[in-house]
Amino acid sequence: MILRSFVVAAACFGAPVLADPLFQNVTSSLPDHHYTGGWEHFVGGGVSAFDCSGDGLPDLVAAGGTSPMLMLVNRSASGQIAFEQRPINGGITGVTGAYPLDINADGMLDLYVMRVGPDRVLQGDADCTFTDVTESWGIPQTDQWTTAFTAWWEAGARFPTLAIGHYVDRADPDGPFGTCDTQTILTSNTGALPAYSAQPLAPGYCTLSMLAAEDARGRKALRISNDRHYYVDEGAEQLWDIDTQRFLGPEDGFPTVSLWGMGIASRDLNGDGQDELMLTSMGDQVMQIAGDDGSYHNAPYDIGTYAHNPYLKGDGRPSTGWHATFGDVNNDGLADLFIAKGNVDQMPGMAMRDPNNLLIQGDDGRFSERGESAGIADIARSRGAALADLDGDGLLDLVVVNRRAPMRAYRNVTSDAGNAVTLRVEGDANNRFAVGARVTLVHGDHVQTQQITIGGGHAGATLLPMHFGIGPAETATATVRWPDGSQSAPMTLAAGATAVIRQN
């Protein structure tokens, strides 16, 4: 009953059907950047989008594996995408991904850099420059293989709690199968500068994505997606209740799910204030619907998101999904879904000709494939990706990091797209980017909500002003529920506008 009502509810919030999305390949605006390396870089390859220059345009950081991490400062203007390549701290190698976050509450975004080997933390300074503060902030220096990251603020905390996910224990002589490493929880002091201490979180089942967010119960929880390829048969997906600090199970409404977990995406798809979850995998890409009872249920097959085989002809073997992200690419008020696809390397049982998905949500709540007609059906071994408005024209563009192939960029040139609004949400003095807040946007009889999180995806994320398509509407009303539970006053936004809502 819950699954059927989800599609019905989504249809009730539907918007007029707009033009099919179309992207222009603008990869020539990027340097020739590949995610390289041996088996330790079969996974990873993330890209993050965030504004470190203060000009309102998304800058990019892309993992390089055995190649140096890439920093791209956005110089786009007048509908033309352009970037300036910058050196970043001497050229950090061994990087699987990086996540932006204001760790020290100075209003500048820092970077948690995940590596095969000791991680690094870079403090953000003016104009996309960074200072290595790994040792002074007490970040543990271990030889672990880091593949996942997320963060949240405890009530009243000066600095965020960081969760670090690790993959196979490379030091175990019996590995790699059955030798999954534990996770790490980093908590800080309350002084003037961060000073972190580490605690293990066990058991670990070869984590490839983590997301701290409000779950279907309305509680703060840590979602952990794990790779069955290495935990073999004793593990599963995990949900750790942050308040009680325990793993949840079927008795809590969290079913046992075992899959080749690669990435996590979350978005409220029907306006009920609860986020649905997208879990990428080898084979099925699993959508989980948040129920009224606080539990999750797998979406019906005909919702169109399982994307288990390539949609291009020539290879009928199962797909391999990596980064997933929601975004309204045609601005019709309905969140669409991009999934990066690509063989791990040369796995014979999985598709080699495996194009990326662009799944467009219809006004009946179901998704349909538009990757080929939209011009993004790349068959490289894709890994990380980001949907972000790179040129400030109100349409979400796309960047994708590939293994054994150059990084790609696509400019959204959809004609007859709907209107959009952009909302920058500023939190309190400790949590400047309001991580954990939820924005509700109303236009006509249509309701959208988005939660501000950092984490999920595959080895990278966006931390940018929030983009909402609003279809033909000329105005929308936004409210924010802050992390402490208080509510902002309603704010009216005009189509095409960028607005700011500040806490207190």
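For reference, positions follow the sequence shown, starting with 1. On a predicted model such as this, the values are computed, not experimentally measured, just so you know.
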**Asked** Is there any side chain to side chain donor-acceptor pair (under 3.5 Å) pair reaching into residues 87-96, and which pairs are they, with sequence neighbours excluded?
**Response** none

**Request:** Assess the side chains of Q141 and R120: does a donor N or O sit below 3.5 Å from an acceptor N or O?
**Result:** yes

**Prompt:** Under 3.5 Å, is there a donor-acceptor pair between the T131 and D125 side chains?
**Reply:** yes

**Request:** Could you go through the salt bridge (Lys or Arg N to Asp or Glu O under 4.0 Å) check for R246 and D252 one step at a time?
**Result:** CA-CA 11 Å; R246 69 180 183 89; D252 303 293; 2.9 Å; yes

**Item:** Polar contact flag, side-chain donor to acceptor under 3.5 angstrom, Q451-S266
**Value:** no

**Message:** Which residues pass the salt bridge (charged side-chain N to carboxylate O under 4.0 Å, His left out) test with R381, not counting sequence neighbours?
**Reply:** none

**Request:** Could you give me the CA-CA distance, side-chain angles and deciding distance for R432 and D106, then say whether salt bridge (Lys or Arg N to Asp or Glu O under 4.0 Å) is met?
**Result:** CA-CA 8 Å; R432 297 288 189 93; D106 65 353; over 6 Å; no

**Request:** Can you establish whether the number of heavy atoms outside E84 located under 6.0 Å from its atom CD is more than 12?
**Result:** yes

**Prompt:** Short question: side chain of Y296, backbone of M287 - any donor-acceptor pair under 3.5 Å?
**Reply:** no

**Message:** To the closest 0.5 Å, what do you measure between OH (Y99) and CD1 (I454)?
**Reply:** 7.5 Å

**Item:** Given L201, L248, V257, I224, the one that forms side-chain contact (heavy atoms from CB on, under 4.5 Å) with Q238
**Value:** I224

**salt bridge (Lys or Arg N to Asp or Glu O under 4.0 Å) evaluation trace for D143 with R170** = CA-CA 9 Å; D143 198 35; R170 298 178 300 140; 3.0 Å; yes

**Stepwise side-chain contact (heavy atoms from CB on, under 4.5 Å) test for V435 and W152** = CA-CA 7 Å; V435 174; W152 65 91; 5.6 Å; no

**Message:** Could you tell me if the side chain of T462 sits less than 4.5 Å from the side chain of T325, heavy atoms only?
**Reply:** no

**Asked** Going by heavy atoms in the side chains, are W240 and M210 under 4.5 Å from each other?
**Response** no

**Backbone of H458 reached by a side-chain donor or acceptor of H323 within 3.5 Å** = yes

**Message:** Under a plain distance cut-off of 3.5 Å, with no hydrogens placed, do T280 and Q285 share a side-chain donor-acceptor pair?
**Reply:** no

**Message:** Side chains of S382 and N402: any donor to acceptor distance under 3.5 Å?
**Reply:** yes

**Fill in**
One should read off an interatomic distance between T207 OG1 and D227 CG, to the nearest 0.5 angstrom, of 9.5 Å

**Request:** Provide the closest heavy-atom pair for L122 versus D132 in the form atom of the first, atom of the second, distance.
**Result:** CD2-CA, 3.9 Å

**Prompt:** Short question: side chain of T161, backbone of W153 - any donor-acceptor pair under 3.5 Å?
**Reply:** no

**Message:** When you measure from the side chain of D315 to the backbone of M352, do you find a donor-acceptor pair of N or O atoms at a distance under 3.5 Å?
**Reply:** yes

**Residue pair R223 / D215, side-chain heavy-atom distance below 4.5 Å** = no

**Asked** Counting N and O atoms only, with roles assigned by atom type, does the side chain of D102 sit under 3.5 Å from a partner on the main chain of G107, one being a donor and the other an acceptor?
**Response** yes

**Prompt:** Would you say D284's side chain and V286's backbone share a donor-acceptor pair under 3.5 angstrom?
**Reply:** no

**Item:** Interatomic distance, E276 atom CD to H297 atom NE2 [nearest 0.5 angstrom]
**Value:** 11.0 Å

**Message:** Treating Q123 as the side-chain partner and V133 as the backbone partner, does any N or O pair qualify as donor plus acceptor under 3.5 Å?
**Reply:** no

**Request:** Measure from the side-chain N and O atoms of R383 to the backbone N and O of F42, and report whether any donor-acceptor pair falls under 3.5 Å.
**Result:** yes

**Prompt:** Should F159 and L186 count as side-chain neighbours, where that means a heavy-atom distance under 4.5 Å?
**Reply:** no

**Prompt:** Just by distance, with hydrogens left out, do T449 and D268 show a side-chain donor and acceptor under 3.5 Å apart?
**Reply:** yes

**Message:** For Q361, is there any backbone N or O sitting under 3.5 Å from a side-chain donor or acceptor partner on D336?
**Reply:** yes

**Asked** For Q346, does the CD atom have more than 12 heavy-atom neighbours from other residues, nucleotides or ligands under 6.0 Å away?
**Response** yes

**side chain to side chain donor-acceptor pair (under 3.5 Å) assessment of D354 paired with S319** = CA-CA 6 Å; D354 198 3; S319 283; 2.7 Å; yes

**Prompt:** Are any side-chain N or O atoms of T320 and backbone N or O atoms of M282, one a donor and one an acceptor, separated by less than 3.5 Å?
**Reply:** no

**Message:** Any carboxylate oxygen within less than 4.0 angstrom of a Lys/Arg side-chain nitrogen, looking at R219 and D241?
**Reply:** yes

**Request:** Evaluate the side-chain proximity of Y205 to S258: yes if any heavy-atom separation is below 4.5 Å, no if none is.
**Result:** no

**Pair D275 + R438: basic N to acidic O under 4.0 Å** = yes

**Request:** Would you kindly say whether S368 and R370 are connected by a side-chain donor-acceptor distance under 3.5 Å?
**Result:** yes

